[in-house]
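Below is one structure, written out as structure tokens, with a few remarks after it.
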Amino acid sequence: MEIKDDGKGLNTARIREKAIENGVATASELDAMTSKQINQFIFAAGFSTAAEVTAVSGRGVGMDVVRTNIEKIGGTIDLDSVEGEGTTVSIKIPLTLAIVSALIIESAGERFAIPQLAVQELVMGSVGGVNKIEMIKGAPVYRLRDHLLPLIHLDDLLELKSENKSINEDAVIQKIEESSDVKSEKSDSKELAPVNDNSYIIVTKGWGIFFRYRC
């Protein structure tokens, strides 16, 4: 993975000064190094070119932590910087770490992958029957054993728009309310599209619930 910018790049002269000041290298050693090699000192623990220490900079905590954690998983990090032109950071990690088992879902005509490690449970809900979806104060919820869980549309969460939605949202809400003996607050008399009762509900760890109505 490459991360590249077109900023001002690293100040190699300043990095050289700090390297001598911190005692991580001597002037003669630095004279024998290329600019790229000198720039690698930003990965050293406690190394910083900031003029003063603040709550967010100057403490020398950052790039050394990045390199340490990447190396822990068997990866490498490298950078190239040209002063006045920009910096390119290259990160390599083992291929096996980039392969993750995932659950493929579809919402608003788009496909998404949810890591299986984040999926706690996959259930089939409905607007009627045992696994029914209920409405509380206008919001859909699902009772999963001893827990009352809120339902969130993935397309709403990601602000996705689809001209060819498989369901009519008003029809779904009306049918849920009717099955729960809750009077709908909507008083308009527009015609509603047919609704499929079944819904896929994905219970995720730390994310709440996302669901998509079955086509």
Side-chain angles (χ1 to χ4, degrees), residues 1-108 110-122 149 152 154-155 157-160 202-212:
M1 178 175 64
E2 271 194 357
I3 306 167
K4 191 173 185 178
D5 67 35
D6 57 355
K8 64 180 181 180
L10 297 178
N11 188 335
T12 305
R14 179 61 177 157
I15 294 173
R16 177 189 170 91
E17 291 175 6
K18 292 296 292 186
I20 296 174
E21 182 181 323
N22 293 352
V24 296
T26 63
S28 58
E29 289 174 336
L30 292 168
D31 288 338
M33 294 181 182
T34 63
S35 295
K36 180 176 180 178
Q37 289 173 323
I38 294 174
N39 288 337
Q40 300 301 314
F41 283 114
I42 68 170
F43 292 110
F47 193 92
S48 175
T49 59
E52 60 182 21
V53 177
T54 69
V56 295
S57 65
R59 296 170 296 144
V61 178
M63 295 303 292
D64 64 312
V65 175
V66 171
R67 183 176 67 176
T68 298
N69 282 281
I70 290 177
E71 290 179 347
K72 278 183 179 178
I73 60 175
T76 61
I77 182 170
D78 192 18
L79 65 82
D80 285 295
S81 183
V82 178
E83 195 166 351
E85 295 185 14
T87 302
T88 300
V89 179
S90 302
I91 299 174
K92 295 180 181 179
I93 61 173
L95 181 61
T96 52
L97 294 177
I99 299 175
V100 178
S101 297
L103 175 67
I104 306 299
I105 63 172
E106 182 181 331
S107 181
E110 300 282 349
R111 286 189 176 184
F112 299 91
I114 301 178
Q116 286 188 2
L117 290 176
V119 177
Q120 183 173 328
E121 195 166 340
L122 183 62
L149 304 174
I152 304 171
L154 182 59
D155 53 349
L157 183 69
L158 300 180
E159 298 182 351
L160 301 174
I202 304 171
V203 184
T204 62
K205 299 177 181 178
W207 285 74
I209 294 184
F210 305 105
F211 77 110
R212 174 178 68 89

- Drop me the distance from L154's CG to I114's CD1, to the nearest 0.5 angstrom. 6.5 Å
- Please name the pair of heavy atoms, one in D155 and one in A108, separated by the smallest distance, quoted to 0.1 Å. CB-CB, 3.9 Å
- Going from CE on M33 to CG on N39, what distance comes out if it is rounded to the nearest 0.5 angstrom? 11.5 Å
- Drop me the distance from L30's CG to T12's OG1, to the nearest 0.5 angstrom. 11.0 Å
- Item | Over all atoms of both residues, closest heavy-atom pair of A19 and F41 | CB-CD1, 4.2 Å
- Task: Nearest 0.5 Å please: distance from the CG atom of L158 over to the CZ atom of F112.
- Result: 5.0 Å
- Message: Filter on side-chain hydrogen bond (donor to acceptor under 3.5 Å, both in side chains), then keep only pairs touching residues 15-25, sequence neighbours left out; what's left?
- Response: R14-E17, R16-D31, K18-E21
- Task: Find out whether I202 and I105 are in side-chain contact, i.e. whether some heavy atom of one side chain is under 4.5 Å from a heavy atom of the other.
- Result: yes
- Item | Nearest-0.5 Å distance, CD1 of residue I15 to OG1 of residue T49 | 6.5 Å
- Item | Nearest atoms (heavy-atom pairs only) where G86 meets D5 | CA-OD1, 3.4 Å
- Note on the structure: Note: T87 and L10 closest approach over all heavy atoms is OG1-N, 4.0 Å
- Task: Could you tell me which residues satisfy salt bridge (Lys or Arg N to Asp or Glu O under 4.0 Å) with E85, sequence neighbours excluded, listed by chain and number?
- Result: none
- Task: Please collect all side-chain hydrogen bond (donor to acceptor under 3.5 Å, both in side chains) contacts where either partner lies in residues 61-78, sequence neighbours excluded, each pair once.
- Result: K36-D78, Q40-D78
- Query: Just how far is it from atom OG of S81 to atom CD1 of I42, taken to the nearest 0.5 Å?
  - Reply: 8.0 Å
